[in-house]
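Sharing a structure with you now.
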Amino acid sequence: MTSSSVPSFTTVGRPDQPLLARPDGAPVRALVVDDELNLAELLTTALWLEGMDVAAAPDGASALRLARETVPDLVVLDVMLPDMDGFTVLRRLRAQGARMPVLFLTARDAVEDRVAGLTVGGDDYVTKPFSLEEVVARVRGLLRRAGAVTRSEDGVLVVGDLELYEDAHEVRRGGVELHLTVTEFELLRFFMRNPRRVLSKAQILDRVWNYDFGGQSSIVELYVSYLRRKIDKGREPMIHTLRGVGYVLKPAAAPDEGGVRG
């Protein structure tokens with residue numbers, strides 16, 4: 001299996017409501033390492049549907065290269081690989097300073113093999129055959145324990161210093177509460193469920209207003225301007241315009257990073 005046969009750290013086609021994200025609002029990056037094509041594709045798809053960006057490697061050498069290039073937040077690692085075993089891969093990752101959680105997959109179920117995996121720096125261990133639901137649940141747990149994610153199914157969306165509490169209908173930026181209308185709240189929620197993803201006016205009309213305004217895209221421009229006044233006024237901007245394409249919400253640039261105002 002080659003890494004080009006599966007989505008590789010891309011947001012194209014990303015689900016609208018990713019369940020997990022990094023503290024800066026960007027999608028979690030996962031690396032799946034398995035030489036079984038069908039299994040690797042199933043794992044990749046399952047994690048991608050959780051809102052993660054996923055890359056895949058068919059062997060240890062490719063895994064080490066991808067880990068250096070992409071710095072994943074999580075590795076799902078098969079023990080039996082064609083060039084080196086998963087234990088060796090993890091030893092080399094740890095020697096390079098990698099500290100992301102690692103979930104081992106293996107057909108071995110002996111206690112000594114489990115101990116070996118944990119001894120070299122693995123964080124969890126799933127024995128084949130397994131259910132995808134179990135793997136996803138283990139991945140969620142590992143990421144949360146590692147502090148790699150800040151958003152989940154608890155009704156709180158976080159992008160940078162912006163927080164949205166779905167159940168309470170409250171919004172805060174930098175700890176300061178912002179008062180939004182119902183429509184402004186729904187628009188912001190759609191943006192925050194899709195951080196760093198460019199959203200077209202048509203997508204926004206469909207998801208926020210739930211019907212087609214028949215070309216009246218000016219309603220989107222109007223409400224984005226309303227939202228900017230409350231979210232971005234006097235602060236580093238989070239809502240940006242890509243002319244002719246749409247809008248994107250992303251964490252504010254740090255003072256020394258500059259950033260494009262839109």
Side-chain angles (χ1 to χ4, degrees), residues 1-11 14-15 18-22 26-109 113-149 152:
M1 176 182 182
T2 63
S3 58
S4 61
S5 62
V6 294
S8 180
F9 291 168
T10 175
T11 58
R14 171 165 306 287
L19 299 177
L20 299 171
R22 303 167 73 182
V28 167
R29 291 186 167 192
L31 174 60
V32 172
V33 187
D34 200 306
D35 63 329
E36 295 182 49
L37 175 62
N38 292 337
L39 181 56
E41 290 184 341
L42 285 172
L43 289 167
T44 297
T45 300
L47 297 181
W48 180 76
L49 288 173
E50 288 292 302
M52 301 183 202
D53 284 347
V54 190
D59 52 49
S62 299
L64 292 170
R65 176 179 55 79
L66 277 174
R68 287 192 301 271
E69 294 174 355
T70 60
V71 192
D73 301 296
L74 170 94
V75 178
V76 178
L77 178 59
D78 188 24
V79 171
M80 300 299 292
L81 296 170
D83 54 348
M84 66 184 82
D85 62 38
F87 300 149
T88 300
V89 172
L90 183 53
R91 287 192 192 96
R92 295 185 182 182
L93 284 174
R94 295 299 190 226
Q96 293 170 5
R99 293 292 176 263
M100 79 290 283
V102 173
L103 174 66
F104 274 121
L105 305 176
T106 183
R108 302 174 178 176
D109 58 2
D113 290 325
R114 295 172 183 257
V115 171
L118 299 176
T119 299
V120 298
D123 299 277
D124 206 349
Y125 202 107
V126 177
T127 303
K128 298 178 182 179
F130 49 77
S131 70
L132 289 175
E133 291 80 3
E134 178 185 7
V135 173
V136 170
R138 298 285 187 96
V139 164
R140 289 177 182 169
L142 287 176
L143 288 169
R144 292 187 181 116
R145 289 199 296 274
V149 297
S152 63

Heavy-atom check, side chain of Val89 versus side chain of Met84, under 4.5 Å
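Sidechains of Met84 and Val89: in contact.
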What are the two closest heavy atoms between Thr44 and Ala56, and how far apart are they?
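In terms of heavy atoms, the two residues are closest at OG1-CB, 4.1 Å.
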Using side-chain contact (heavy atoms from CB on, under 4.5 Å), reason through Leu39 and Phe130 one step at a time and then give a plain yes or no.
CA-CA 11 Å; Leu39 181 56; Phe130 49 77; 3.8 Å; yes
Main chain of Thr70, side chain of Arg29: is a donor-acceptor contact present, judged purely on distance under 3.5 Å?
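Yes; at least one donor-acceptor contact below 3.5 Å.
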Identify the two heavy atoms, one from Gly51 and one from Pro27, that lie closest to each other, and give their separation to 0.1 Å.
O-CB, 3.6 Å
Output for pair (Asp34 CG, Leu43 CG), nearest 0.5 Å, gives 6.5 Å
Any side-chain heavy-atom pair of Val33 and Leu31 under 4.5 Å
yes
Could you give the distance from OG (Ser62) to CG (Asp35), rounded to the nearest 0.5 Å?
11.0 Å
Can you check whether Met80's main-chain N or O pairs, donor with acceptor, with Asp85's side chain at less than 3.5 Å?
no
Within this structure, what is the CZ-CZ distance for the pair Phe87 and Arg92, rounded to the nearest 0.5 Å?
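Reported to 0.5 Å precision, the distance equals 15.0 Å.
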Taking the side chain as every heavy atom from C-beta outward, state whether Tyr125 and Val102 have any atom pair closer than 4.5 Å.
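Heavy-atom side-chain distance check fails, nothing below 4.5 Å.
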Residues Arg138, Glu133: salt bridge by 4.0 Å N-O rule
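No, this pair does not count.
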Verdict with reasoning, Val135 to Leu103, per side-chain contact (heavy atoms from CB on, under 4.5 Å)
CA-CA 9 Å; Val135 173; Leu103 174 66; 3.9 Å; yes
Quick one: pull up CG in Asp59 and CG in Asp83 and give me the separation to the nearest 0.5 Å.
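It is 4.5 Å, given to the nearest 0.5 Å.
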Hey, does the side chain of Arg94 reach the backbone of Ala98 with a donor-acceptor pair shorter than 3.5 angstrom?
yes
Gap separating the CG atom of Leu81 from the OG1 atom of Thr88, nearest 0.5 angstrom:
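Reported to 0.5 Å precision, the distance equals 9.5 Å.
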Residue pair Phe104, Leu90: steps toward the side-chain contact (heavy atoms from CB on, under 4.5 Å) verdict
CA-CA 10 Å; Phe104 274 121; Leu90 183 53; 3.7 Å; yes
Residue pair Leu74 / Leu142, side-chain heavy-atom distance below 4.5 Å:
yes
Could you state the interatomic distance from CE (Met100) to CG (Asp123), rounded to the nearest 0.5 Å?
10.0 Å
Working note: Leu42 + Leu132, criterion side-chain contact (heavy atoms from CB on, under 4.5 Å); need CA distance, chi angles, decisive distance, verdict.
CA-CA 8 Å; Leu42 285 172; Leu132 289 175; 4.3 Å; yes
